[in-house]
Number of protein chains: 2
Amino acid sequence: MKRRPTIIDVAKKAGVSKSTVSRVVADGGQGVNDETKERVLQAIDELGYVRNAIASSMRTDRTNLIMLAIPDITNPYWPEVARGVQDVMDAEGYAVVFANSDWDEERELEYLEMARRNRLDGILINPVQVSSAKLESSGIPTVILGTREAYSAFDRVGADSYVGTKTAVQHLIDLGHRRIGMILGQLDIKSKDSRRRGYVDILKDAGIPLDEELITTVPFTRAGGEAGFTTLFQLGTPPSAIFCANDTIAIGALQAAYAAGVGVPKDVSIIGLDDIDAALTTNPPLTTISKPKYDIGKQAALFLLEHIQGAAPSFPRKLQLAGKLALRGTTTQK
Amino acid sequence: MKRRPTIIDVAKKAGVSKSTVSRVVADGGQGVNDETKERVLQAIDELGYVRNAIASSMRTDRTNLIMLAIPDITNPYWPEVARGVQDVMDAEGYAVVFANSDWDEERELEYLEMARRNRLDGILINPVQVSSAKLESSGIPTVILGTREAYSAFDRVGADSYVGTKTAVQHLIDLGHRRIGMILGQLDIKSKDSRRRGYVDILKDAGIPLDEELITTVPFTRAGGEAGFTTLFQLGTPPSAIFCANDTIAIGALQAAYAAGVGVPKDVSIIGLDDIDAALTTNPPLTTISKPKYDIGKQAALFLLEHIQGAAPSFPRKLQLAGKLALRGTTTQK
DNA sequence: AATAATTGCGGGAACGTTCCCATTATAGCA
DNA sequence: TGCTATAATGGGAACGTTCCCGCAATTATT
């Protein structure tokens, strides 16, 4: 294995000191006159010198690497968020390490340890079970994806599910629906669900009495959506419209309706939340609240850059990006 | 900023040399007796020492980092491949940096440069335009995702689109179809298309004459699929079945059929390639050839590990994983 | 019992860069 | 003209770990 040229080799060839080469390579030539700089760049070219970021990191304690820790990259919500993160960080010279927590605390902790060991400059995480204290004690700048109150000590960026839910249910009310079902997704985390609050509040605003039997809770899967639809349609008076906690559930409900010979949107309107890719491929295409996934990733990355660069305010921020109604084919007037 | 404890601090506290601490931390205690090892581990615990992987890398020239370079993480084909890569590398203690080439050579080259600068241990890449010579000159162990002949000097892992196409068209033939259309996807790369070869060969095997007007080429988008369907259905004698170059095109064709009042599968059977998530959400669910995306990622990662560990054979390997027919709702007997 | 091999441990040097302080020459100001 | 400030450059040390060789003690072999 041929030894790679170092800054010392470049210095010798250009007839300058290693400090001067470093000034050209790391500081863009600041403090070096143009003639000297040219000599150095030429020597770099002739030798095929490639800077060693590991050695730089030893001295600077900066790696230009961050971690994006999410539950699972194959979940259709996350690739677009990831893309927003990557585009911002890439433009600033950072590389992004991806980690899948699989909704498991032990994995979350292992990745935290990896981040510490590798001296990563920052962490973007959609935490599942890891405690806020553990995140803080890593000593690495961290921004939370999602807006859970358990992490209120950190900057948080997420979608506003409360407002998204209200928008969705308002859309159904505007279409004349009064008997509106809701299929909630079940999480391991016992959190106060913003979707439920949004639904309850918008019904109250509209003067529609709350009927608990119109609310059912299922796993966040398509099969869960199918089960939820079946439950709601076995009621004495089924709902004329259903709000689903996310698109995956909504697609399951849509498929269950088709299988049961219930017309969508003719007999029941269905609306989701998220606007994943598949929402455009159903028949009819799914009406949903579109979460700005790319912008969530982008904004979280911008917050993290501020922390890394020491420019973040000392108080934690909570940024909730509003979703927009994506009116397609699964909702219609009662 | 409090200085973090180093191996020297641990050595002092445990009453041993730094070499002994290193043997405990890096070699699992090999060459250190149990009593000494326990003293070192206790000192590590009390001091909260965290190993510095950057310093290790300086000495070992190993980072335990690899790069996964793909065109775009938001393309529904790639998250599952990525997941296969991550699960294998994660289990071996490697972290994975993700890169999006956006089908642009300049970006590909920039990421290669980043990989060199950061002394990454390996590269997994679905190359678009970057040359084989450039990949070789990086000096970093590299495995190709996909099986393009332009990269025959490297180990390659991909799906067998030739066999996949033959399987799909054979399925249509078995259902009695003889007038079988094909919507091909257009790439910037002028490659000999294995899908086209598979189609031509299987028709010849079945004694069905090739009719060029049954072949149309569109962009790899849903809109492309719509346009391709429209073209084929404007023929004097439309096909009774259509093979689509990937699921995204197939979903577009399915939507165009619905919009044109053409029944699927009653009036035309449609089959895709890939088995992306959305294939399960169409109505009817898409019959397709399921590429083993997770296994492609996994196998490529296993090859890369062999290269990193110096255990790879000196001849390049080409591994093509067969797809399987996923029989759903868009194909039926003529 | 003597010699050879193995085990356990320590200290110096290497890895490749950045930072800091010192020196010299040049430019600017009183 | 003399003094001060600035620009350009160089060399030593730091960053935190691993590797290598040497030494001493213990175990195994002849």
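All chains are named by letter (A, B, ...) in the order of the sequence lines, taking the proteins before the strands, and each is independently numbered beginning at 1. The figures that follow rest on heavy atoms only: side chains count, while hydrogens, waters and symmetry mates do not.
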Figure out the [atom1]/[atom2] separation between [X] and [N], and round it to whole Å.
{"X": "B:Lys12", "N": "C:dG11", "atom1": "NZ", "atom2": "P", "value": "12 Å"}
{"X": "B:Gln30", "N": "C:dT6", "atom1": "CD", "atom2": "P", "value": "15 Å"}
{"X": "A:Glu35", "N": "D:dA7", "atom1": "CD", "atom2": "P", "value": "19 Å"}
{"X": "B:Arg39", "N": "C:dG8", "atom1": "CZ", "atom2": "C1'", "value": "12 Å"}
{"X": "A:Asn33", "N": "C:dT24", "atom1": "CG", "atom2": "P", "value": "19 Å"}

Return a single string for nucleotides 16-27 of chain D, one symbol per nucleotide in 5' to 3' order, where B is base contact, S is sugar-phosphate-only contact and - is none, cutoff 4.0 angstrom on heavy atoms. BBBBB-------

Side chains of A:Asn100 and B:Gln86: donor-acceptor distance under 3.5 Å anywhere?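 A:Asn100 vs B:Gln86: donor-acceptor pair found between side chains.
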
Side chains of A:Tyr294 and A:Asp87, donor plus acceptor under 3.5 Å: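 Indeed, the side chains of A:Tyr294 and A:Asp87 share at least one donor-acceptor pair under 3.5 Å.
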
Donor-acceptor contact below 3.5 Å, side chain B:Asp27 vs main chain B:Gln30: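 Checked: no pair found.
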
Taking any heavy-atom pair under 4.0 Å as a contact, classify B:Thr36: base, sugar-phosphate, or nothing.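 Sugar-phosphate only.
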
Hey, which of A:Asp155, A:Ile123, A:Leu124 is the one that makes side-chain contact (heavy atoms from CB on, under 4.5 Å) with A:Thr142?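 That would be A:Ile123.
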
Under the ring-ring contact (aromatic ring centres under 6.0 Å, His included) test, which residues partner A:Phe98, sequence neighbours left out?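 Counting only residues at least two positions away or on another chain, A:Phe98 forms a ring-ring contact (aromatic ring centres under 6.0 Å, His included) with B:Phe98.
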
In plain terms, say whether A:Lys318 and A:Glu149 are close enough for a salt bridge, that is, a side-chain N and a carboxylate O under 4.0 Å apart.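 So A:Lys318 pairs with A:Glu149 through a salt bridge.
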
